[in-house]
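To find a chain, count down the sequence lines: A is the first, B the second, and so on, and within it residues start at 1. Only this structure's heavy atoms are used, side chains among them; waters, hydrogens and symmetry mates stay out.
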Amino acid sequence: MTPGAAATPGAAGAVARGGPWPVTEAEARAVQEELRARVERADHAPPPGTPGTLLAGVDVAYDDTHDTVAAAAVVLDGATHEVVARATECARVPFPYVPGLLAFRELPAVLAALERLDRVPDLVVCDGYGLAHPRRLGLASHLGVLTGLPTIGVAKTPFRYRHGPVGAVRGDGAPLLDGTEEVGRALRTREGVRPVYVSVGHRVGLDSACAHTLDLARRYRLPETTRRADALCRAALREALEDAGRAGH
DNA sequence: GCGACAG
DNA sequence: ATCTTGTCGC
């Protein structure tokens, strides 16, 4: 994948091939403070169901004892939701898990997997948050700024944010609040199941982000994109560890 | 200082 | 994220 619309193709490429990356938490926070101004809120995502549209999902799996991370990028046809492309990347874990700094742990491998795709997606669905972040630069927004691609974040827990009751019907939602600021939406994708937490990443509006989340999560709580990416990165991690084991013994 | 804490 | 058995329900 070579995103022609990339805002900073050089930066994304440098990261993908192991270029500069923050080492300390202070450096990482400084990077976020720097990039937050580049997040675009205008909606550039095609409506759900648009024929010819490509929807991507990205996710990562870890084995900390082997210092290994596996990332996967999967592309679905926007109308049929059939998988049309996939790619993976394994690497050393580049950053520890620190709440608020997840992107520095996940993005290098994710960017490399995206670079390996032979298609450029119209929207990337991330596992985590976008604007719902202490510095308004969760991994979804961060990925969007580095690639120029429209992105959204769909998380499984509320992190540090609050919301009122969510209606029982699929599609019902409640604002995710950071104080009085709406940073996302708790969204019910299935009745009788906990809601998911949707937030804007880059170049997508919140209503559009929720519409895509609902479109991709008909049968299960989570979007088909992240379910596929999750399965693929786990398989990639398993194979990487098996190969390493064979080579070592 | 204490608790909370995306994945 | 990951460690883990059985169990309730469609």
Side-chain angles (χ1 to χ4, degrees), chain A residues 21-22 25 28-29 31-32 35-36 39 57-74 88-111 113 124-145 151-163 170 176-179 181-187 189-202 206 209 213 217-223 225-238 240-241:
Chain A
W21 200 245
E25 294 186 22
R29 291 195 185 87
V31 169
Q32 292 180 330
L35 295 183
R36 60 181 296 179
V39 176
V58 294
D59 194 18
V60 300
Y62 300 94
D63 186 309
D64 284 304
T65 68
H66 291 80
D67 189 36
T68 300
V69 53
V74 177
T88 63
E89 169 76 9
C90 288
R92 294 302 163 218
V93 180
F95 206 87
Y97 172 67
V98 180
L101 302 180
L102 224 209
F104 299 96
R105 182 171 168 82
E106 309 213 326
L107 289 193
V110 166
L111 286 163
V124 181
V125 181
C126 299
D127 208 341
Y129 283 124
L131 293 180
H133 178 276
R135 286 168 292 283
R136 301 294 177 267
L137 197 84
L139 78 167
S141 297
H142 198 144
L143 178 63
V145 168
T151 62
I152 67 173
V154 180
K156 297 181 285 295
T157 70
F159 194 14
R160 62 211 293 170
Y161 305 106
R162 303 288 160 176
H163 64 82
R170 169 180 150 80
L176 239 203
L177 302 173
D178 184 353
E181 182 180 355
E182 179 178 42
V183 295
R185 185 176 302 162
L187 180 69
T189 55
R190 289 201 69 192
E191 301 189 358
V193 178
R194 287 180 302 145
V196 296
Y197 303 86
V198 180
S199 59
V200 167
H202 183 61
L206 183 55
T213 299
R218 293 180 168 154
R219 181 156 185 185
Y220 301 96
R221 177 168 88 121
L222 297 176
T225 37
T226 83
R227 299 186 75 253
R228 299 278 192 168
D230 178 76
L232 184 55
C233 68
R234 290 192 196 215
L237 179 65
R238 178 164 31 77
L241 296 179

Note to self: A:Arg234: which residues meet the side-chain hydrogen bond (donor to acceptor under 3.5 Å, both in side chains) condition with it, sequence neighbours left out?
What the structure shows: A:Asp230
Please tabulate, one pair per line, each protein N/O and nucleotide N/O from nucleotides 3-6 of chain B that are separated by under 3.5 Å, including the distance.
from	atom 1	to	atom 2	distance (Å)
B:dA6	OP2	A:Tyr97	OH	2.8
B:dA6	N7	A:Gly100	N	3.2
B:dA6	N6	A:Gly100	O	3.1
B:dA6	N6	A:Leu101	N	3.4
B:dA6	N6	A:Leu102	N	3.2
B:dA6	N1	A:Leu139	N	3.2
B:dA6	N3	A:Tyr129	N	3.2

Check: Just how far, in rounded Å, is C1' of B:dG7 from CZ of A:Arg234?
Finding: 11 Å
Checklist line | Qualifying residues under ring-ring contact (aromatic ring centres under 6.0 Å, His included), relative to A:His142, sequence neighbours excluded | finding: A:Phe104
Next item on the list: Provide the full list of side-chain hydrogen bond (donor to acceptor under 3.5 Å, both in side chains) pairs with a residue in residues 91-102 of chain A, sequence neighbours left out, each pair given once.
Entry: A:Thr68-A:Arg92
Margin query: For A:Asp63, give me all partners under salt bridge (Lys or Arg N to Asp or Glu O under 4.0 Å), at least two apart in sequence or on another chain.
Written below: none
Checklist line | A:Tyr62 to A:Val69 - nearest heavy-atom pair and separation | finding: CE2-CG2, 3.6 Å
Margin query: Suppose we screen for side-chain hydrogen bond (donor to acceptor under 3.5 Å, both in side chains). Which residues come up paired with A:Thr88, at least two apart in sequence or across chains?
Written below: none
Notebook entry, point to check: How would DNA chain B look in dot-bracket form, 5' to 3', counting Watson-Crick and G-U wobble pairs with both distances under 3.5 Å and writing | for bases paired to another strand?
Noted result: .......
Item checked: Contacts of type salt bridge (Lys or Arg N to Asp or Glu O under 4.0 Å), residue A:Asp59, not counting sequence neighbours -> none
Next item on the list: Run the numbers on A:Leu143 and A:Cys126 for side-chain contact (heavy atoms from CB on, under 4.5 Å), then give the verdict.
Entry: CA-CA 9 Å; A:Leu143 178 63; A:Cys126 299; 3.7 Å; yes
Item checked: Residue list, side-chain hydrogen bond (donor to acceptor under 3.5 Å, both in side chains) with A:Arg194, at least two apart or on another chain -> none
Check: From the 5' end of DNA chain C to its 3' end, which nucleotides mark the outer limits of contact with chain A, defined by a 4.0 Å heavy-atom distance cut-off (strictly under)?
Finding: C:dA1 to C:dT2
Notebook entry, point to check: DNA chain C: stems of at least 3 consecutive Watson-Crick or G-U pairs, cut-off 3.5 Å?
Noted result: none
Note to self: Just by distance, no angles: are the side chains of A:Glu181 and A:Tyr161 close enough, under 3.5 Å, to form a donor-acceptor pair?
What the structure shows: no
Notebook entry, point to check: Minimum heavy-atom separation for A:Leu131 to A:Ser199, with atom names?
Noted result: N-OG, 3.9 Å
Checklist line | Which residues share a side-chain hydrogen bond (donor to acceptor under 3.5 Å, both in side chains) with A:Asp64, sequence neighbours left out | finding: A:Arg105
